[in-house]
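First the proteins, then the strands, lettered A, B, ... as listed; each starts at 1. Quantities reported herein were computed from a predicted structural model and do not represent experimental measurements.
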Amino acid sequence: MKVSVNWLRELLDGLAATDSEIAARLTAAGLEVEGETRLGAGLSGVIVAEVRETRRHPKADKLTLVDVFDGHEVTQVVCGAPNVPAPGGKVVWARPGATLPNGITLAPKEVRGVLSPGMLCAEDELGLGASHEGILILDSDAAPGADAAALLGLPDTILELNVTPNRPDCLGHLGVARELTALFPGARLRPLSADLEPWLSEGPVTELATVTLEDAEGCPRYTARVLLGVKVGQSPLPVRLRLQSLGVRAINDVVDATNLGLLETGHPLHAFDLDRLAGHAIVVRRARPGEPITTLDGQERALTGDDLAICDAERPVAIAGVMGGRHSEVGPATTRILLESAHFAGPRIRRTARRLGLHSEASQRFERGTDPNDGVTLSSLRCARRIALSTGARIARGAIDRYPHPIDPRAIVLRPDRTERLLGTPVSPSEQARILTSLGLTCEGDEGPLRCLVPTFRPDLTREIDLIEEVARVHGYDRVPATLPRATGVGGAPDPAAEAADSARDALWALGLAETLSFAFIAPERIAALGFTDGRSDPLLLQNPLREEQSALRTSLLPGLLAALQHNLSRGVADVALFEIGTTFRRRPRAPQAVSGASCSEGGFAAEDARTCEGKGEPLPDERQMVAGVLSGRRGGWLKPGAELDFSDVKGVVEGLLDRCRIPGTTFRAATSDEAPFFHPGLRAALTVESNGDTALGVLGELHPALRERLGIALPAFAFELDLAPFSTAAPTVMGPLARFPGSSRDSSFFVDAAIPAAAIQAAIVRASLLVESVHIREDYREPGRVPPGKKGLLWSIHYRAPDRTLTDDEVNADHARVMDALKAEFQVDTR
Amino acid sequence: MPQAPEPEKLDVVALVDTAERELAAAATEQALREVHARYGGREGAIKRAVQAAINAAPKDRKREVGQVGNAALQRIEGAFEARLRSLGDEARTRDLARTVDVTLPGRSHRPGHLHPITHARRAIERIFAQLGFTLATGPQVETDFHNFEALAMPPDHPARDMQDTFYLANSDLLLRTHTSPVQIRTMLAQRPPVRVICPGTVYRRDDDPTHSPMFHQVEGLLVDEQVTFADLKGVLLHFARAFFGPATTVRLRPSFFPFTEPSAEFDLSCVFCAGAGCRTCKNTGWIEVGGAGMVDPEVFRHVDYDSERYTGFAFGFGIDRMAMLKYRISDIRLLYEGDHRLLEQFP
């Protein structure tokens, strides 16, 4: 919200601070100043001048020679504006020697051969705004020769305040001024005149209008005043400029007066054309479902039974607290006004404003909480006065006031020692009382607890802690020392899942992959493209995504990684090795009605409290931490030209990861189409881990050529995705024996049926041998010519060792022979 | 009778001369050892010649001949040792003459790269671990209760507007807008003392160079007896100095959050201009990084803690923002593109 420092000063006595000091102190007290705009800073020597005569410039069609009168003499000035007023009009003249906010000091200057002593000013030249459409035309009553800056309220500083939602009182200048009385001891609020006597008419208001309050819950208080004999016109220039500088468009003097009232007290007002109100009646009630109203912005809107409507005898004439209706709008023909000042219930106004997407200055204030007492009455009085002053209206005697259940100031007890204990710094009880009093509270009690009465313009102060905060912020957070808390006990438990994720991160880092992060919401078709055959094909969708391509919660990390791969390829980065650790989301079936909150806590995160599950029977999704990677391009290095990556690279990465993370009992096998439809059918593996039977851990493989084609990825790419859950139950590391006696190796080369997996042969070797320590495959060759058709050649290296003695050659040979016999028997290996 | 010449002696002298020449000429250690084996040692030609000469010499001269022979063998040994040393010296000299272009890249055994957010998060976790904060995590899809209501934001509370929320379709569930729900879950699950930090992914409906619809946050929560606002200030100051350097200062400014009171905005002295004023800090010398405050008694009520006995503070800030400030990353969206050229700049 914008505030004018000049206006604040008008409301205060004894405020000596500069504009900058005011801004700094407001920020330090929680009313953050997000911007400061200086209007007319440095402006001097500009005066009001009266136009006496105008002539065209002899050499330029667009220039005018203007005779201006400064109260003493007439001078000719050259002016380029298209809107020089007729003789008698008042303008702003910057004479030679005058200084403008842009720093220029004027001197006589020749303009196309005619000497011009200074210039007539437009808004921007005066530092008032951006407008340079023409020179500024003053009100006709401006006195020639008067200081124009003073007349225009310049210089001024406009502060852009970030008012937090708990401070509706600071959505008006009065509230900000009151805040300054707390921040600048010595500053006091000036009494605001609310005297209507000079303008009162004979008849009482009750003879002119009626108010029926049917919904006192939505509208605890409704007041109306009536003004008669209104002549609607334009507000004086200083009013229009003040509204403009505060970001409000001037409309007419009646509407402007309600806006000034809102800006002054923070309390919204609304003026109806009384003669457009059927029956001269106001009825405050719930709208009927579907009831239509055309609002001031020309939109026709349908109301619901939750909306609060201000109606006349027949139909809604305003959406309470949100926006007035067009039908009863004050216009040039209006002569009688009903002025509304009311207090509406915040949550109701908020729901309506939200539903209609209509957030007005009024709704913003009612939502946050207005003052039902002085706020309602003072703003009504001040506004009626303003309208009478500017339009010459008469004010009907009295006000209609429907306030069935008056809201009293709230009493709160503050223990000053509690303040000190919470802040960790001493603040004397008298200082605490001073602060609260300066904010408008009344405090009683010399020693011990303070009994405080909170005025109703501070709906945010309802508990002791609220008062402590007031004391703290006015006292100054900068005066609180910085200490370290004393440590007691253990503040929490270890988080194995987070630690496992970080181990996986380190492993993949060490394996040469770069970590990436992608959005958890992606385009549904990116998930569909992977062709999942399980729950992953049906992602959870967002109700209000920013855009369609961010509307589905990912069920796999692969789509995001493939998008990152595409991103890199499109930028000329051909060698890509990325990994991501992140959360995926899967639907959980809705629990049957009979089951209580328990369904929420199975697996993943628990919803400890039945409140979180009941009602909708809606479980939290199954959130799974996954780790995934994508590789494409060539192996690193320059000494030998990098070879193209193949399946063994992605498998090596996965093995390295498993190794580092101590996952025991993992098995690779060829994956099925259901498990990994997005991988090449011959180049994909599934990984399982033994824990309570075999659990699927994930898949790895080469990207299916059809998918690559669809994504525009030219070269082979490899990927893996594993569930991180088993990583948090890693096997403990325990030292094993160190061999004391030498062992002996035997190499063995043979042909075998190409379909037999290496792992089966390795297992057979281990089974058959009594002395085997380790088995390594050294070669797998299949080139036609080197091997018989349908076969593959394998070279194994088997290491034999005994823990308790040095093996003899005979022992080793005998064991190796056992191994070879077993392989011949089981796989018909051919050792020629 | 005139004495005959002593051919044995002459033979030995000639042999020694030849051996010395050959030893000195040996170009490699292997050749040297072959020459040495041929002439010197127990089986060598010189030993054999000396023995023959001794045998042939008259009895009274055998001793003299033996001495000459020994001297000859010693000469051979000396020559061998000398040549061995000089060959070693030559080899060392040659070895020392090798050079390499140290500016060529090394053989690739390079580790990969961790994301800047991981670097920042780990640094943050380490700093708070030193202060005794343990880690807590929670789900990203949350209930209204955990994300709003238990944090003193009932339905229709204006503060809900401060955080634009993503909701799940056909559901009351939402993507958490902060990691505060983890604080609630932690307090529901354990009694004080509580000393946790909650790093995690959060979501807000916002998208521009400084706001990403998904980002990372870390929140801290300390609940115990006698926890003060001054402690909050001390912990944040310690963190800021540990993370950005000892010259960093912290400013707390009053603000409003429904779940803390008193509430504060948490500003750092600008890490770019050290408070002098620059574009990043909009010439204020301060950078707004997070929110903080004393836990509101209303929150304690929701988790059944006695707010008379226990007090606590909470704080939160963006990990992305910290990473951007620390590593001078200009646009938050770069963090989520997976661009190798960016990632490779981080160890």
Most contacts with chain B, counted as non-hydrogen pairs under 4.5 angstrom, among A:N544, A:V480, A:N166, A:L31: A:N544
Polar side-chain atom of B:E337 near backbone of A:A564 as donor-acceptor pair, under 3.5 Å: no
Derivation of the side chain to side chain contact (heavy atoms under 4.5 Å, CB included) call for B:L252 and A:R473: CA-CA 10 Å; B:L252 294 185; A:R473 69 180 184 84; over 6 Å; no
Pick from A:E32, A:E580, A:E470 with the largest number of heavy-atom pairs that fall under 4.5 Å of chain B: A:E32
A:D460 versus chain B, the contacting section by heavy-atom distance below 4.5 Å: neither
Distance, nearest 0.5 Å, that separates OG1 of B:T118 from CZ of A:R505: 4.5 Å
Heavy-atom side-chain contact between A:T583 and B:T201 under 4.5 Å: no
Proximity breakdown for A:A510 and chain B, heavy-atom pairs closer than 4.5 Å: backbone
When A:D466, A:N162, A:I468 are compared by non-hydrogen pairs under 4.5 Å with chain B, the top option: A:D466
Among the listed options A:I465, A:L561, A:V573, A:T516, the residue most often paired with chain B at heavy-atom distances under 4.5 Å: A:I465
Minimum heavy-atom distance between A:D495 and B:A136, given as atom pair plus value: OD2-C, 4.1 Å
Contact class of A:T27 relative to chain B, heavy atoms under 4.5 angstrom: both
Gap separating the CD atom of A:Q550 from the CZ atom of B:F166, nearest 0.5 angstrom: 7.0 Å
Heavy-atom side-chain contact between A:L423 and B:P262 under 4.5 Å: yes
A:Y477 vs B:R251 side-chain heavy atoms within contact, under 4.5 Å: no
Gap between atom CG of B:L131 and atom CG of A:L484 - 0.5 Å precision: 6.5 Å
Lys/Arg N to Asp/Glu carboxylate O, A:D478 vs B:R253, below 4.0 Å: no
Heavy-atom proximity to chain A below 4.5 Å, by part of B:E149: neither
Interface moiety of B:L221 toward chain A, non-hydrogen atoms closer than 4.5 Å: neither
NE2 on B:H340 to NE2 on A:H567, rounded to 0.5 Å: 10.5 Å
Within-4.5 Å side-chain heavy-atom neighbours: A:L541 and B:L168: no
Pick from B:T284, B:L342, B:D224 with the largest number of heavy-atom pairs that fall under 4.5 Å of chain A: B:D224
Which atom of B:L237 lies closest to which atom of A:A482, heavy atoms considered: CD2-CB, 4.0 Å
Portion of A:T425 that has a non-hydrogen atom of chain B nearer than 4.5 angstrom: neither
For chain B, the option from A:L553, A:V576, A:N568, A:I581 that forms the most heavy-atom pairs under 4.5 Å: A:N568
Non-hydrogen atoms of B:S255 and A:T164 that approach each other most closely: OG-CG2, 4.0 Å
Greatest number of heavy atom pairs closer than 4.5 Å to chain B - which of A:L578, A:D506, A:D502: A:D502
Rounded distance [0.5 Å steps], CG in A:L513 versus CG in B:L343: 11.0 Å
Sidechain N-carboxylate O distance under 4.0 Å for B:E308, A:R415: yes
Engaged part of A:R348 at the chain B interface, taking heavy atoms whose separation is under 4.5 Å: neither
Test item: B:T228 and A:L422 side chains (from C-beta on) under 4.5 Å apart, heavy atoms: no
Portion of A:R167 that has a non-hydrogen atom of chain B nearer than 4.5 angstrom: neither
Contact winner vs chain A - B:I184, B:V227, B:L175, heavy-atom pairs under 4.5 Å: B:L175
Nearest-0.5 Å distance that lies between atom CZ in A:R486 and atom CG in B:D231: 9.5 Å
Region of A:A497 in contact with chain B, defined by heavy-atom distances below 4.5 Å: neither
Intermediate values then yes/no, side chain to side chain contact (heavy atoms under 4.5 Å, CB included), A:R463 and B:E298: CA-CA 10 Å; A:R463 303 163 301 163; B:E298 175 70 4; 3.8 Å; yes
Test item: B:D207 and A:R547 side chains (from C-beta on) under 4.5 Å apart, heavy atoms: yes
Interface moiety of A:F519 toward chain B, non-hydrogen atoms closer than 4.5 Å: both
Criterion side chain to side chain contact (heavy atoms under 4.5 Å, CB included) on A:T488 and B:Q226, from CA distance to verdict: CA-CA 11 Å; A:T488 67; B:Q226 300 171 36; over 6 Å; no
Heavy-atom side-chain contact between B:H113 and A:E515 under 4.5 Å: no
Beyond-backbone contact of B:V235 with A:P485, side-chain heavy atoms, under 4.5 angstrom: yes
For A:A520 against B:Y203, the heavy-atom pair lying closest together: CB-OH, 3.2 Å
